[in-house]
Amino acid sequence: MLEQSMAPPHSKILIADDHPLFRDALQQVVDQAFPDAAVLEASTLDEAMIIAAHDDLDLLLLDINMPGMNGFNGLIALRNAVPATPIVVVSADEERETIQQALTLGAAGFIPKSMAKASMVQGLHEVISGKVYMPVDLSAPLTRGQMMIDDDFQQGYAALTGQQRRVLEMLVLGKSNKVIAFELDIAESTVKAHVSAILRKLRVNSRTQAVLNASKMLGTVRAMPSL
DNA sequence: GGGTATGATAGTGGAAGTGT
DNA sequence: ACACTTCCACTATCATACCC
């Protein structure tokens, strides 16, 4: 029998999904898994960011197809905003690559929307106890924030610090060092140092290579400004 | 048109400050 | 001690403007 609640007695759990019906369904799952938890809801990435910033969340359930998500960028943004909060990605997409990407980018678990309620409850218990939950056997050891794809770039990405990931995200958006420095309120030389560290960890020779690979890995198609 | 000076930008190396 | 963040000084590259 499953333990009823590994979560703190008054834990806060955010359900971020744009479909009210599915939010209701997820809330039933959460209620069953953690009867004492306070459940918050968001229907857009912006709402989720605001709630995550103001509430000390114990768990976040995130629909990756929600408005504003832009592929996995929303997951990355939330991970950077609340690095200590485990994030479970909820998606109708059950492709192995999607699951691997979500876990690579720091998700604490992946729950397909087609999954049985009991399995979802079990998955949430595993995540809240500090484990990584995945719906299928990906046949390789996996830890939160890491990955098992034999890919230097993705391994490098997992090794980036929070600030380095923020800089990389802005590089992907085509921003110059000067603009990044302004927006992060740091010196341009600091941005350059971060870029150098990013290139070293990602094992690429230029920001252009880093941006191209990052765009591919994040699963987003962007108009690439001149770099 | 070709050479040179200048400015903007990218990238590296090293060092200091801070938190764990 | 170590990792991370930040900054400075420096070099390299590229585009543009100017002069001959």
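Small disclaimer: the values here were computed from a predicted structure and weren't measured. Below, chains carry the letters A, B, ... as their sequence lines are ordered, and counting in each starts from 1.
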Among [options], which is the nearest nucleotide to the side chain of [X]?
X	options	value
A:Gln164	C:dT6, B:dT9, C:dT5	C:dT5
A:Lys201	C:dC4, C:dT5, B:dG11	C:dC4
A:Asn177	B:dT12, C:dT5, B:dA10	B:dA10

Separation of atom [atom1] in [X] from atom [atom2] in [N], rounded to whole Å:
X	N	atom1	atom2	answer
A:Arg166	C:dT6	CZ	P	8 Å
A:Leu160	C:dT5	CG	C1'	14 Å
A:Ile198	B:dT12	CD1	P	11 Å
A:Leu199	B:dA10	CG	P	12 Å
A:Gln163	C:dC7	CD	P	10 Å
A:Lys178	B:dA8	NZ	C1'	7 Å

On a heavy-atom basis, which atom in [X] and which in [Y] lie closest, and how many Å separate them?
X	Y	result
A:Asp17	A:Arg23	O-NH1, 2.6 Å
A:Val127	A:Gly109	CG2-CA, 4.2 Å
A:Leu202	A:Gly156	CD2-C, 3.5 Å

Exercise for the section: Answer yes or no: is there a side-chain heavy-atom contact under 4.5 Å between A:Leu78 and A:Leu45? Expected result: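 Yes, their side chains come closer than 4.5 Å.
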Handout entry: Nucleic acid contacts - residues 180-192 of chain A versus DNA chain C, non-hydrogen atoms under 4.0 Å
Key =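 Nucleic-acid contacts, sorted: A:Ile186, A:Ala187, A:Ser189, A:Thr190.
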Could you state the interatomic distance from [atom1] ([X]) to [atom2] ([Y]), rounded to the nearest 0.5 Å?
X	Y	atom1	atom2	value
A:Phe110	A:Leu62	CZ	CG	10.5 Å
A:Ile198	A:Gln163	CD1	CD	9.0 Å
A:Ile15	A:Leu61	CD1	CG	5.5 Å
A:His125	A:Phe34	NE2	CZ	4.5 Å

Practice task
Keeping to residues at least two apart or across chains, list the side chain to side chain donor-acceptor pair (under 3.5 Å) pairs with something in residues 178-196 of chain A.
Solution key: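 Output for this query lists A:Lys175-A:Glu183.
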Distances for protein N/O vs nucleotides 18-20 of chain B N/O pairs under 3.5 angstrom?
none

Exercise for the section: Mind checking A:Thr161 for me? I need base, sugar-phosphate or nothing, with any heavy atom below 4.0 Å counting as a touch. Expected result: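 Sugar-phosphate: the residue A:Thr161, judged by heavy atoms under 4.0 Å, touches backbone atoms but no base.
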